[in-house]
Amino acid sequence: MIAAFLAAYVVHGIACLFTLWIMFVVVMTMEQLRDAGRLTPGMIRFGEGFAAAGLVLDVYCNLVIATTMVFWEEPHEMTVSDRLRRLVISSRWKWQRKLAIWFAATLMNPFCQPDRPHIKIPKL
């Protein structure tokens with residue numbers, strides 16, 4: 001029974017993080033379209049609802065999934081991005097910093113403007 005619950009929780013966590021990542025990619029794409037002057041009023045209306053749902057999911061993922069499954073620490077901020085920013089700069093544990101850098105460099109920053117990374121990764 002406990003094993004089934006844990007397996008379901010892991011699948012739930014992976015699905016939540018994957019959905020959050022998809023929402024992040026869509027929002028960053030819309031930001032690039034806005035900067036290029038190609039965002040239509042319909043896209044804006046749809047995007048506002050999408051961004052609001054993404055923010056709710058972001059807070060949930062940070063408070064529940066990132067806390068219990070990924071970083072194993074209590075949250076000090078409201079969103080996953082804010083947590084990653086903190087961990088990239090000042091994590092107590094080396095593995096947390098490496099994982100935060102991986103999330104930023106692999107899953108987030110490639111979808112941002114090169115001169116405006118979502119999470120700045122300091123050079124060592």
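All figures in this text were calculated on a predicted structure; none of them were measured in a lab.
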Looking only at heavy atoms, which two atoms of N62 and P75 are closest? And how far apart?
-> ND2-CB, 3.9 Å

Report the distance from atom NZ of K98 to atom NZ of K94, rounding to the nearest 0.5 Å.
-> 4.5 Å

Smallest heavy-atom separation, M30 atom then G47 atom, equals CE-CA, 3.4 Å

When clusters are formed from ILVMFWY side-chain contacts under 4.5 Å, directly or step by step, what else is grouped with L6?
-> I2, F5

State, yes or no, whether a side-chain contact exists between W102 and L107 at a heavy-atom distance under 4.5 Å.
-> yes

Could you tell me the separation between the CD1 atom of I14 and the OH atom of Y9, rounded to the nearest 0.5 Å?
-> 11.5 Å

Taking the six-membered ring for Trp and the single ring otherwise, decide whether the centroids of H118 and F111 are under 6.0 Å apart.
-> no

Could you tell me whether the side chain of L84 reaches within less than 4.5 Å of the side chain of T79, counting heavy atoms only?
-> no

Working for side chain to side chain contact (heavy atoms under 4.5 Å, CB included), residues V70 and L17 | CA-CA 10 Å; V70 182; L17 290 174; 3.9 Å; yes

Apply side chain to side chain contact (heavy atoms under 4.5 Å, CB included) to W21 and C61, showing your working.
-> CA-CA 11 Å; W21 179 66; C61 282; over 6 Å; no

Got a sec: does the CZ of F46 have more than 12 other heavy atoms crowding it under 6.0 Å?
-> no

Between the main-chain N or O of M43 and the side-chain N or O of T40, is there a donor-acceptor pair closer than 3.5 Å?
-> yes

Is the shortest heavy-atom distance from the side chain of L87 to the side chain of F103 under 4.5 Å?
-> no

So, the side chain of N109 versus the backbone of I119: is there a donor-acceptor pair under 3.5 Å, distance only?
-> yes

Pairs meeting criterion ring-ring contact (aromatic ring centres under 6.0 Å, His included) with involvement of residues 59-91, two or more places apart = H12-Y60, W72-W95

Closest heavy-atom contact between M108 and S81?
-> CE-OG, 3.3 Å

Can you tell me which residue pairs pass the salt bridge (Lys or Arg N to Asp or Glu O under 4.0 Å) test with a partner in residues 19-34, sequence neighbours excluded?
-> E31-R116

Using a distance-only test with no angle check, is there a side-chain donor-acceptor pair under 3.5 angstrom linking R97 and S90?
-> no

Between E73, E74, R83, which is the residue that forms a side-chain hydrogen bond (donor to acceptor under 3.5 Å, both in side chains) with T67?
-> R83

Hey, any chance I65 and F18 share a hydrophobic cluster, counting ILVMFWY side chains that come within less than 4.5 Å of each other, even indirectly?
-> yes

Atom pair CZ (F24) and OG1 (T29), whose distance is rounded to the nearest 0.5 Å = 9.5 Å

With distance as the sole test, does D58 use its side chain to make a donor-acceptor pair with the main-chain N or O of L20 at under 3.5 Å?
-> no

